[in-house]
Amino acid sequence: MSQIRLDKFLAEMQVGTRSEVKKLIRAGKVQIDGKLCKIPETKFDPEQTTVMVGQKEIGYAAFEYFMLNKPKGCVSATEDGRYPTVLDYITEHKRRDLFPVGRLDLDTEGLLIITNDGALSHELLSPAKHVPKTYEAMIDGVVTAEDVEKFAEGVDIGEKKLTKPAHLEIIKSNVISHVRITISEGKFHQIKRMFEAVDKTVVELKRISMGALELDERLAPGEYRMLTKDELELLRRTELC
Ligand code: URA
């Protein structure tokens with residue numbers, strides 16, 4: 001493990017801002033492996049070191065990974081002037097640099113990964129990787145076998161090219177239809193625009209999987225948990241495909 005500066009470590013672990021933690025260190029409140037340390041620039045290996053602020057040990061996490069069942073009414077961003085953000089739901093975490101992997105619309109629910117692992121996020125979102133994303137949706141309109149065929153061929157949503165083939169499965173076709181759809185791109189409002197292209201309207205949208213990672217159905221909207229080691233492995237394998 002690489003070395004980290006004491007002030008950076010404390011700031012990343014949310015003890016305070018960089019200037020606040022520098023003050024704490026200089027005031028003699030911080031110990032490294034049982035020894036008082038007053039120098040913010042001191043470097044150490046955080047995996048092998050015990051850092052105490054006063055009587056409190058400060059645990060370290062290089063990366064954190066959470067699965068959130070995003071509720072409606074919050075934005076997939078790290079800050080917003082109008083709406084709560086998805087990060088507001090992650091109430092217990094060590095890192096300050098978390099962000100959502102990709103975006104779901106304000107009124108879309110479901111699986112969202114929250115992490116500070118930029119490399120993993122980049123791989124999962126890379127258009128070249130075609131990571132499949134599956135959604136369940138309620139559609140205003142009777143979804144037909146013809147729509148299934150059109151989605152498989154690609155539809156015109158007003159971009160230069162047709163959408164990539166999408167797998168549309170009809171769970172129930174009615175005035176309000178229930179469908180499952182898998183896309184491998186992430187264009188703005190993509191699913192809503194795809195249904196508009198066949199003269200129908202998405203009324204409910206929920207993401208249920210991303211790559212091999214499935215939403216834990218025990219999580220109610222707004223609830224989250226850490227990813228397990230196995231789930232992280234699944235994601236990393238997705239990334240390698
Ligand atoms: N497609 C949409 O239209 N909205 C989302 O939130 C995700 C995919």
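Just the heavy atoms: all of them, side chains too, but no hydrogens, waters or symmetry mates, feed the values below. Numbering of ligands and ligand atoms starts at 1, following listing order. The first residue in the sequence is number 1, and the count goes up from there.
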Considering only NZ, NE, NH1 and NH2 on the basic side and carboxylate oxygens on the acidic side, decide whether [X] and [Y] come within less than 4.0 Å.
X      : Y      : answer
Asp216 : Arg225 : yes
Lys161 : Asp156 : no
Lys72  : Asp107 : no
Lys94  : Glu64  : no

For Tyr135, atoms of ligand 1 separated by under 4.0 Å from a heavy atom: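 So the answer, numbered in order with elements, is 7 (C), 8 (C).
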
Could you check whether any side-chain heavy atom of Asn69 comes within less than 4.5 Å of a side-chain heavy atom of Tyr89, counting everything from C-beta outward?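 A side-chain contact is absent here, since even the closest heavy-atom pair is not under 4.5 Å.
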
Just heavy atoms, cut-off under 4.0 Å: does Thr108 contact ligand 1 by side chain, backbone, both, or neither?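 Looking at Thr108 and ligand 1, just side chain atoms fall under 4.0 Å.
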
Examine [X] against ligand 1 and note whether any of their N/O atoms are separated by less than 3.5 Å.
X      : value
Lys192 : yes
Asp105 : yes
Leu205 : no

What residue and heavy atom of the protein are closest to atom 1 (N) of ligand 1, and at what distance?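 Result for atom 1 (N) of ligand 1: Ile191 N, 3.1 Å.
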
